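One structure is given below, encoded as structure tokens.
A quick note: this is a predicted structure, and the numbers were derived from the prediction, not measured.
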Amino acid sequence: MKIIAAGASKTGAEDQKVLQIANDVELAELVQGGALQGVERIELHFPKFTDGRAFSQAVLLRRRYGFTGDLRATGDVLIDQLVQMHRSGFTSAVLAEGQNPAAAERQFARYAAFYQGDVLEPRPLFARPPAPEAA
């Protein structure tokens, strides 16, 4: 997952077609209206860290609507949310003001695997082939 520090959201990809979606928007209406056509990045907004509707939007965009571009989390994004964001389908996140990007990167080293399936690996751990053993 690409981590972007607050205030550094300019990434050199300003010419990309970007769609910003508030977390109270009905995705089915957007998709039916063709709003996803040609979009390379979708920014899903977290107005408060306690409002998780953008997590559901991310899963729907990946699984139901087949979006394969960059899904970016914006708004009140805290480092303790990043692993779940990644598992929900986000590929980048702009951290909230005051969040340490180095500490954010360390969140991904804490867990080697997850028992439950997610957007990245839909099969639960028991249904996956065994990992090769290290010699």
Side-chain angles (χ1 to χ4, degrees):
M1 175 178 237
K2 181 176 183 177
I3 307 298
I4 303 165
S9 61
K10 301 286 186 223
T11 62
E14 286 73 35
D15 59 339
Q16 284 185 325
K17 186 172 178 192
V18 177
L19 177 62
Q20 296 178 337
I21 301 176
N23 68 348
D24 60 353
V25 169
E26 182 57 49
L27 293 178
E29 294 172 8
L30 278 178
V31 172
Q32 288 174 351
L36 300 184
Q37 296 300 320
V39 171
E40 298 172 35
R41 181 174 78 218
I42 296 176
E43 295 182 352
L44 298 176
H45 188 68
F46 287 82
K48 295 188 270 186
F49 79 94
T50 58
D51 189 338
R53 291 177 285 182
F55 285 107
S56 299
Q57 288 176 318
V59 171
L60 288 171
L61 284 164
R62 293 289 189 208
R63 287 189 175 166
R64 185 174 295 170
Y65 303 118
F67 182 72
T68 59
D70 182 22
L71 271 185
R72 179 168 294 176
T74 63
D76 197 13
V77 176
L78 306 181
I79 62 173
D80 61 342
Q81 297 170 299
L82 293 174
V83 172
Q84 187 62 34
M85 285 178 179
H86 187 57
R87 295 185 70 210
S88 298
F90 286 96
T91 50
S92 63
V94 179
L95 296 176
E97 200 67 45
Q99 298 296 300
N100 182 335
E105 292 289 346
R106 287 193 301 269
Q107 293 296 315
F108 294 97
R110 290 179 181 231
Y111 305 101
F114 298 96
Y115 186 78
Q116 307 91 347
D118 56 33
V119 171
L120 302 172
E121 172 55 72
R123 297 174 296 176
L125 186 62
F126 71 85
R128 299 177 206 159
E133 292 187 30

Going by atom type alone, with no hydrogens or angles, which donor-acceptor pairs under 3.5 Å involve a side-chain atom of residues 59-68 and a protein atom two or more places apart or on another chain?
from	atom 1	to	atom 2	distance (Å)
Arg62	NE	Gly89	O	2.9
Arg62	NH1	Phe67	O	2.8
Arg62	NH1	Gly69	O	2.8
Arg62	NH2	Gly69	O	3.0
Arg62	NH2	Gly89	O	2.9
Arg63	NH2	Asp118	O	3.1

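Note: Leu44 CG to Leu27 CG = 7.5 Å, rounded to the nearest 0.5 Å. With rounding to the nearest 0.5 Å, the separation of NZ in Lys17 from CD1 in Ile42 is 10.5 Å. With rounding to the nearest 0.5 Å, the separation of CG in Leu95 from CD1 in Ile4 is 8.5 Å.
Across all their heavy atoms, Gln116 and Arg128 have their closest contact at O-NH2, 3.4 Å. Annotation for Asp24 and Arg53: closest pair CB-NH1, 3.8 Å, computed over non-hydrogen atoms. Considering every non-hydrogen atom in both Arg72 and Ser92, the closest pair reads NE-OG, 2.9 Å. Counting all heavy atoms, side chain and backbone alike, Asn23 lies closest to Ala54 at CB-N, 4.1 Å.
For residues 20-45, the set of pairs meeting the ring pair (Phe, Tyr, Trp, His ring centres under 6.0 Å) definition, not counting sequence neighbours, is empty. Here salt bridge (Lys or Arg N to Asp or Glu O under 4.0 Å) pairs that include residues 88-100, with residues two or more places apart or in two chains, number zero.
Legend: residues meeting salt bridge (charged side-chain N to carboxylate O under 4.0 Å, His left out) with Asp76, ordered by chain and number and at least two apart, are absent. For Glu26, the side chain to side chain contact (heavy atoms under 4.5 Å, CB included) criterion is met by Ala28, Glu29, not counting sequence neighbours. Residues that satisfy the side chain to side chain contact (heavy atoms under 4.5 Å, CB included) test with Ala102, not counting sequence neighbours, are Asn100, Arg106. For Glu121, the salt bridge (charged side-chain N to carboxylate O under 4.0 Å, His left out) partners at least two apart in sequence or on another chain are Arg123. Scored by the side-chain hydrogen bond (donor to acceptor under 3.5 Å, both in side chains) test, Glu43 finds Gln20, Arg41 as partners (sequence neighbours excluded). Applying the side chain to side chain contact (heavy atoms under 4.5 Å, CB included) test to Val83 and every residue at least two apart in sequence or in another chain returns Arg87, Gln107, Phe108, Phe114. In this structure, Asp80 has no salt bridge (charged side-chain N to carboxylate O under 4.0 Å, His left out) partners at least two apart in sequence or on a different chain. For Phe90, the ring-ring contact (aromatic ring centres under 6.0 Å, His included) criterion is met by Phe46, not counting sequence neighbours.
Clustering ILVMFWY residues whenever any of their side-chain heavy atoms sit less than 4.5 angstrom apart, transitively, puts Leu71 in a cluster other than the one holding Val119.
Side chain of Gln99 to backbone of Ala96: no donor-acceptor contact under 3.5 angstrom is found.
Under the 4.5 Å side-chain criterion, counting only non-hydrogen atoms from C-beta, Lys2 is not in contact with Asp70. Considering only heavy atoms from C-beta on, Leu36 comes within 4.5 Å of Leu19 through its side chain. Within the 4.5 Å cutoff, no side-chain heavy atoms of Ile79 are placed close to those of Ile3.
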